[in-house]
Amino acid sequence: MFSQKLQDAINAQINAEFHSAYIYLGMSAYLEDMNMPGFAHWMRLQYEEETMHALKLYDFMHERGGHVVLEPIGAATSEYASVLAVFEHTLAHEKKVTSLINALYEMAVAENDYPTQVLMQWYISEQVEEEKNASDAVAQLQWVGDFGPGMLMLDREMGSRQPEAE
Ligand code: FEO
């Protein structure tokens, strides 16, 4: 039994993942404005990854015979104080997403919905990686300073990010 309560929560998570995608696209736009093509590329891939997270839930809803509801996606800014601020926001945002995923997993456990539990385990692992990527970037940016020569090297390194295989 795929409960309406769980379907509502998954629909809310689909919206949250699309909103994350939108937030990261706004960050990518800011990084383009800052002439940081490597960082902008990294953040654009993050946008694509979040879209994939949303679509994975969307596909799951259909596989289970659920009903997808697509609510409006919240706005996203492209104004930030610095590259470091972008990644600090990313880390804070990912921590928020982790708590949403954990709550969804707990709901699936409470309802004995095993397929949703299995799916949520994938997202739980993904969130470990998402938080690690953001906190590594924050640490490196704190190390080089906003306009230090290391920024150019870091920008090149971020530019080498490849799309993640599913
Ligand atoms: Fe879809 Fe960045 O979590």
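Hydrogens, waters and symmetry mates play no part in the numbers below; they use all other heavy atoms, side chains included. Ligands are counted one by one from 1 in listed order, and the atoms in each one are counted from 1 as well.
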For this session: Check all N, O or S atoms of E50 and name the one closest to atom 2 (Fe) of ligand 1.
Result: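 The E50 atom nearest to atom 2 (Fe) of ligand 1, restricting to N, O or S, is OE2.
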Exercise. In E130, the N, O or S atom nearest to atom 2 (Fe) of ligand 1 is which?
Worked result: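 For E130, the N, O or S atom at the smallest distance from atom 2 (Fe) of ligand 1 is OE2.
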Problem set entry | Atom CZ of F2: over 12 foreign heavy atoms under 6.0 Å |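 Atom CZ in F2 is crowded, with more than 12 foreign heavy atoms closer than 6.0 Å.
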Problem set entry | Q117 and Q121: side chain donor to acceptor below 3.5 Å |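 On atom types as modelled, these side chains do not qualify, holding no pair under 3.5 Å.
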For this session: Return yes if a side-chain donor-acceptor contact under 3.5 Å exists between S20 and H93, otherwise no.
Result: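 A pair is found: one side chain offers a donor N or O, the other an acceptor, under 3.5 Å apart.
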Exercise. Say you draw a straight line from CD1 of I23 to OG of S28; how long is it, rounded to the nearest 0.5 Å?
Worked result: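 That separation rounds to 14.0 Å.
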Exercise. Which N, O or S atom name in H53 marks its closest approach to atom 1 (Fe) of ligand 1?
Worked result: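 Relative to atom 1 (Fe) of ligand 1, the closest nitrogen, oxygen or sulfur of H53 carries the name ND1.
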Exercise. Between atom 1 (Fe) of ligand 1 and E17, is there an N, O or S atom separated by less than 2.8 Å?
Worked result: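 Checking E17: at least one N, O or S atom is under 2.8 Å.
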Exercise. Does any N, O or S atom of E94, backbone or side chain, fall under 2.8 Å from atom 1 (Fe) of ligand 1?
Worked result: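 Given the 2.8 Å cut-off, E94 does not count as a ligand of atom 1 (Fe) of ligand 1.
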Exercise. So does E49 have any N/O/S atom less than 2.8 Å away from atom 2 (Fe) of ligand 1?
Worked result: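 Not a single backbone or side-chain N, O or S atom of E49 is under 2.8 Å from atom 2 (Fe) of ligand 1.
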Exercise. Mind checking whether F87 and W42 have ring centres under 6.0 Å apart?
Worked result: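 Centroid separation for F87 and W42: below 6.0 Å.
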